[in-house]
There are 2 protein chains.
Amino acid sequence: MESNRKTNNINHSVSVDCVVFGFDGFSLKVLLVQRDLRDNLDNGDDTLVLPGDLIYIDEDLEDAASRVLLDLTGIDNLFLEQIGAFGSLNRLAKDRDKVWLDLVRPIPESRVITIGYFALVNIKNYTIRPAGFAKHVIWEDFNEVGELGFDHNHILRTAIIKLRNKLYHEPVGFKLLPKYFPLNHLYTLYNTILNSKLDRRNFLRRILKTGFLKETDNFQEGVPHKPARLYKFIEKEFENDNNHKFKFY
Amino acid sequence: MESNRKTNNINHSVSVDCVVFGFDGFSLKVLLVQRDLRDNLDNGDDTLVLPGDLIYIDEDLEDAASRVLLDLTGIDNLFLEQIGAFGSLNRLAKDRDKVWLDLVRPIPESRVITIGYFALVNIKNYTIRPAGFAKHVIWEDFNEVGELGFDHNHILRTAIIKLRNKLYHEPVGFKLLPKYFPLNHLYTLYNTILNSKLDRRNFLRRILKTGFLKETDNFQEGVPHKPARLYKFIEKEFENDNNHKFKFY
DNA sequence: CCAAAAGTGTTGATGCTACACCCATGA
DNA sequence: TCATGGGTGTAGCATCAACACTTTTGG
């Protein structure tokens with residue numbers, strides 16, 4: 001289905017860009033691609049960008065985001081959520097961006113509105129595809145992301161805010177961890193993403209009280225200290241019970 | 001500037017749609033337009049839709065939303081916030097929608113992605129423009145909105161969720177009220193939008209504690225009971241202090 | 001035996017909920 | 001004088017924050 005797409009099947013006005021977050025146990029990572037190499041061009045531009053693409057005219061937005069990520073990770077069915085639309089007139093106007101657009105886009109001057117998505121992945125499951133496109137993909141430390149192409153720093157800032165809010169309000173942190181994990185990984189995950197220093201005992205007590213965790217009989221292996229018990233996430237319907245009356249914060 | 005726009009200056013792939021919320025003291029209202037009359041056509045289709053339009057190719061998204069609302073209310077500079085992008089392939093596919101598109105759109109079959117915005121207005125300030133376009137605009141009770149055209153029920157559902165969340169977390173309720181208002185209007189506003197029955201005394205205590213309200217020396221007039229003191233909103237930087245640690249809800 | 005992280009309770013303070021009566025005004 | 005909503009305080013309960021030492025394992 002990808003193969004029989006044609007250039008004139010492309011919607012030249014709308015793209016998707018994906019912010020893929022991962023967690024390696026220590027820091028938050030973001031998937032970035034080197035845009036020049038992406039089409040095996042090389043004009044010395046090593047600008048990093050978020051993975052993204054123009055959509056096809058007969059393709060749903062979220063499908064387009066999935067397609068981009070499938071190409072990168074080889075994995076379908078990622079957790080995906082829309083960040084929003086980014087459409088300012090100058091979002092593609094940097095000089096280096098224009099050079100790149102001229103090289104690879106059929107209609108380089110087209111005004112493109114992009115729809116941002118973010119994904120949460122377990123960084124170990126989805127080892128980046130070794131071939132082609134994916135060879136030029138890197139996991140960048142979130143705190144070390146430099147200037148990206150286009151308006152991608154803006155998209156990324158919006159994404160991290162969404163992620164933080166989600167982390168406060170919904171059980172999504174688990175999506176960044178493997179199936180079995182010690183509680184302290186979850187703890188450092190929260191501290192890292194929220195850049196806070198939560199009280200460890202209070203954190204553990206509360207996270208257990210949510211009922212989303214089940215202890216297993218497995219323990220860490222190969223660690224140079226007392227191995228921690230592994231827990232797993234329990235799927236259960238999360239009631240976003242809006243009985244938290246009003247409260248500004 | 002509107003007058004020298006041309007048809008070929010239109011971006012036929014992207015539109016904006018606006019959910020305008022108002023509050024009349026009793027119930028939440030939404031601004032809807034009768035789409036057929038909108039261009040002075042009349043084929044018996046009285047379907048209601050959210051106000052919206054295709055964007056111009058040289059127009060920022062939010063500017064497009066502002067333009068649509070300016071046309072309706074005559075007022076510029078509304079509080080506007082993006083809801084998100086809506087782009088499913090069948091969002092314009094209902095039979096009646098297609099009839100309408102054939103009538104008014106230069107490229108009726110174009111696949112259009114729309115960006116939703118919502119606005120909060122003081123329903124009394126912005127009396128709908130009496131002329132032209134606006135004559136066919138109505139304030140519909142939120143709970144009585146029927147089936148709208150296109151995917152506009154979907155957009156509206158997304159908007160109300162955003163509004164509720166914002167009401168919980170940020171001082172935005174004031175935007176729906178006039179400059180001076182009695183506390184009970186604010187109270188019923190919260191109860192109406194959150195459809196809850198907050199304890200009145202606890203609500204008043206907490207809303208005052210936020211420091212966003214200042215009492216004035218003015219009182220209600222013309223009410224058949226003890227006139228309530230009027231308050232006004234205090235503009236001050238709202239620190240979305242993320243010191244509410246983690247907590248699922 | 002040493003290093004490293006795991007695991008584990010209590011207390012005081014704060015904030016939340018629940019609850020009912022009198023007052024001021026206009027008609 | 002009556003009807004209507006305005007305005008006001010407290011007490012018990014639940015939740016949160018702060019805080020440190022012992023245990024287990026691997027090396």
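Note on naming: letters A, B, ... go to the chains in the order of the sequence lines (proteins, then strands), and numbering restarts at 1 for each one.
What separates CZ of Phe26(A) from C1' of dA5(C) is a distance of 12 Å, to the nearest Å. In this entry the distance linking CG of Leu204(A) with C1' of dG9(C) reads 13 Å, nearest Å. The interatomic distance linking Leu198(B) (CG) with dC16(C) (P) rounds to 13 Å, in whole Å. As rounded to whole Å, 15 Å separates atom C1' of dC23(C) from atom CZ of Arg229(B). In this structure, the CZ atom of Phe203(A) is 19 Å from the C1' atom of dG9(C), given to the nearest Å. One atom, CD of Glu215(A), and another, C1' of dA6(C), lie 14 Å apart when rounded to the nearest Å. For the pair Leu208(B) CG and dG7(D) P, the interatomic distance rounds to 11 Å; values are reported in whole Å. As rounded to whole Å, 13 Å separates atom P of dG5(D) from atom OH of Tyr187(B).
Below 30°, between 30° and 60°, or above 60°: for Phe174(A) and Phe181(A) the angle between ring planes is between 30° and 60°, a tilted geometry.
Counting heavy atoms from C-beta outward, Leu28(A) and Ile160(A) have side chains that approach closer than 4.5 Å. Under the 4.5 Å side-chain criterion, counting only non-hydrogen atoms from C-beta, Val121(A) is not in contact with Lys175(A).
The pair Glu215(A)-Lys232(A) fails the salt-bridge criterion, with no side-chain N (NZ, NE, NH1 or NH2) lying under 4.0 Å from an Asp/Glu carboxylate O.
Without hydrogens or angle criteria, Arg229(A) side chain to Pro182(A) main chain gives no donor-acceptor distance under 3.5 Å. Counting only distance, with no hydrogens or angles, the side chain of Thr158(B) and the backbone of His154(B) share a donor-acceptor pair below 3.5 Å.
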- Item | Contact letters for nucleotides 18-27 of chain D, in which S counts primed atoms plus P, OP1 and OP2 and B counts the base, heavy atoms under 4.0 Å | BBB---BBS-

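A rotation axis mapping the C1' atoms of four pairs onto the next four is fitted at both ends of the helix from dC1(C)-dG27(D) to dA27(C)-dT1(D) over five pairs, and the angle between these axes is 10° to 10 degrees.
Taking the ring centre of Phe212(B) as origin, the terminal cationic atom of Lys236(B) falls inside the region bounded by 6.0 Å and 45° from the ring axis.
Taking CG from Leu120(A) and CG from Leu163(A), the interatomic distance works out to 6.0 Å, rounded to the nearest 0.5 Å.
For the pair Asn184(A) and dA6(C), the criterion of a side-chain N or O lying under 4.0 Å from OP1 or OP2 is met.
Residue pairs meeting the salt bridge (charged side-chain N to carboxylate O under 4.0 Å, His left out) criterion with at least one member in residues 177-186 of chain A: none, sequence neighbours excluded.
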